Amino acid sequence: MIYRDINEIKRKAESGAPDAVAQLGMTYLYGYGVAIDHVQAFIYLQDAAIKNNGEAQLNLGKMYENGWGIKKDLWTAYALYRHAYSMKLPGARKAIEHVVEELITEMPITGRLTISNSFKITLCCSRLREHIRMGKIVPFEDDDGCNFYFSNINRNVIMRKCPYCGEDVSQVYDEDE
């Protein structure tokens, strides 16, 4: 639902309506009728994103991707975009493609396949890089730490070896954590 008046948006957001909370966050993020305020935008968008609002997840992802009012974090942006995409939100796929292109350049091909708890990744082969770029293999974090999974119908298939060159996946831990 689109609210036209800032007072109406605020009233609805105070009542807890996730779409109004998301819209209020976007109002502050882009300065629609108010001064741009990234702190307020983050507060409202995060609240709506937690309540599974796709618009909020997409726009919160943009905040993380661009470092608007918060520390730039491409992996958090990527995760938020994937949630928005799972809800079939327009623009989410393009946002994923954009952030993956930026992330992929940070993944050197070293002949070893490693992933750290902060998503520092080294790749074993160029075929794996292309399949990450296409979204067929996805880095993720769960209770077992950071891993890769095959993106197919069953999203719980953890990748233990590179399917192209056979290199084992190694989890490494950042020294500062």
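Just so we're clear, the structure is a prediction, and the values are computed from it rather than from any experiment.
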(message) For a 4.5 angstrom cut-off between non-hydrogen side-chain atoms, does E97 reach E101?
(response) no
(message) Within the 4.5 Å heavy-atom criterion, are K71 and Y64 side-chain neighbours or not?
(response) no
(message) So that I can tick it off, tell me whether E14 and K10 are bridged by a salt bridge, with the cut-off set at under 4.0 angstrom between side-chain N and carboxylate O.
(response) no
(message) Within the structure provided, determine whether L123 and M107 are in side-chain contact (heavy-atom separation under 4.5 Å).
(response) yes
(request) Could you tell me whether the side chain of F42 reaches within less than 4.5 Å of the side chain of M63, counting heavy atoms only? (result) yes
(request) To the nearest 0.5 angstrom, please state how far the CZ atom of F140 sits from the CE atom of M159. (result) 10.5 Å
(request) Could you tell me which non-hydrogen atom of M26 sits nearest to which non-hydrogen atom of Y32, and how far apart they are? (result) O-CD1, 3.9 Å
(message) Can you confirm whether more than 12 heavy atoms, excluding those of H38, are under 6.0 Å from its NE2 atom?
(response) yes
(request) Starting at CD of Q46, measure out to CG of L80 and round the result to the nearest 0.5 Å. (result) 9.0 Å
(message) Check this for me, if you would: do E167 and K161 make a salt bridge, where the nitrogen-to-carboxylate-oxygen distance has to be below 4.0 angstrom?
(response) no
(message) As an exercise, state the distance from CG of N117 to CD of Q171, rounded to the nearest 0.5 Å.
(response) 9.0 Å
(request) Walk me through it: do K62 and Y30 pass the test side-chain contact (heavy atoms from CB on, under 4.5 Å)? (result) CA-CA 11 Å; K62 288 179 185 179; Y30 300 111; 3.4 Å; yes
(request) Identify which one of I115, T114, V172 satisfies the side-chain contact (heavy atoms from CB on, under 4.5 Å) criterion when paired with C146. (result) I115
(request) Of all the heavy-atom pairs spanning A13 and L24, show the shortest one and how long it is. (result) CB-CD2, 3.8 Å
(message) Between Y78 and L60, is there shared hydrophobic-cluster membership here, with clusters defined by ILVMFWY side-chain heavy atoms closer than 4.5 Å?
(response) no
(message) I need the minimum non-hydrogen distance between V99 and A77, along with the two atoms involved.
(response) CG2-CB, 4.4 Å
(request) Taking N66 for its side chain and W68 for its backbone only, find out whether a donor-acceptor pair lies under 3.5 Å. (result) no
(message) I'd like to know if F150 and I104 are part of one continuous hydrophobic network [Ile/Leu/Val/Met/Phe/Trp/Tyr, side-chain heavy atoms within less than 4.5 Å].
(response) yes
(request) Nearest 0.5 Å please: distance from the CD1 atom of I109 over to the SG atom of C124. (result) 8.5 Å
(message) Quick test of your reading of the model: are K72 and E65 salt-bridged, counting only N-O distances below 4.0 Å?
(response) no
(request) Assess whether side-chain contact (heavy atoms from CB on, under 4.5 Å) is satisfied between R112 and S170, documenting all intermediate values. (result) CA-CA 8 Å; R112 299 216 1 105; S170 297; 3.6 Å; yes
(request) Show your reasoning for whether side-chain contact (heavy atoms from CB on, under 4.5 Å) applies to N52 and Q57. (result) CA-CA 8 Å; N52 224 21; Q57 290 170 344; 3.4 Å; yes
(message) Is any side-chain heavy atom of N147 closer than 4.5 Å to one of E141?
(response) no
(request) Kindly work out whether a path of hydrophobic side-chain contacts (I/L/V/M/F/W/Y, heavy atoms less than 4.5 Å apart) joins L74 to F119. (result) yes
(message) Minimum heavy-atom separation for Y85 and R93, please, with both atom names.
(response) OH-NH1, 3.5 Å
(request) Check whether I96 and I137 end up in the same hydrophobic cluster, where Ile, Leu, Val, Met, Phe, Trp and Tyr are linked by side-chain heavy atoms less than 4.5 Å apart. (result) yes
(request) May I ask you to check whether H131 and Y164 place their ring centres under 6.0 Å from each other? (result) yes
(request) Check A41 against G25 and note the closest heavy-atom contact, atom names and distance. (result) CB-O, 3.4 Å
(request) Would you check if I121 and F148 make a side-chain contact, meaning some heavy-atom pair closer than 4.5 Å? (result) yes
(message) Please determine whether a side-chain nitrogen of the Lys or Arg among E130 and R133 lies less than 4.0 Å from a carboxylate oxygen of the Asp or Glu.
(response) yes
(message) Same cluster or not: V157 versus L128, using hydrophobic residues (I, L, V, M, F, W, Y) connected whenever any side-chain heavy atoms lie under 4.5 Å apart?
(response) yes
(request) Answer yes or no: is there a side-chain heavy-atom contact under 4.5 Å between I9 and T27? (result) yes
(message) Other residues, nucleotides and ligands only: do more than 12 of their heavy atoms fall within 6.0 Å of NZ on K94?
(response) no
(message) What I'd like to find out is whether the side chain of I132 reaches to under 4.5 Å of the side chain of V138, using heavy atoms alone.
(response) no
(message) For I43, is there any backbone N or O sitting under 3.5 Å from a side-chain donor or acceptor partner on D47?
(response) no
(message) Rounded at 0.5 Å granularity, tell me how far CD in E106 sits from OG1 in T122.
(response) 13.5 Å
(request) Mind listing the closest non-hydrogen atom pair of L29 and I36 along with its distance? (result) O-CG2, 3.7 Å
(request) Hey, could you give me the CG/SG distance between L113 and C165, rounded to the nearest 0.5 Å? (result) 7.5 Å
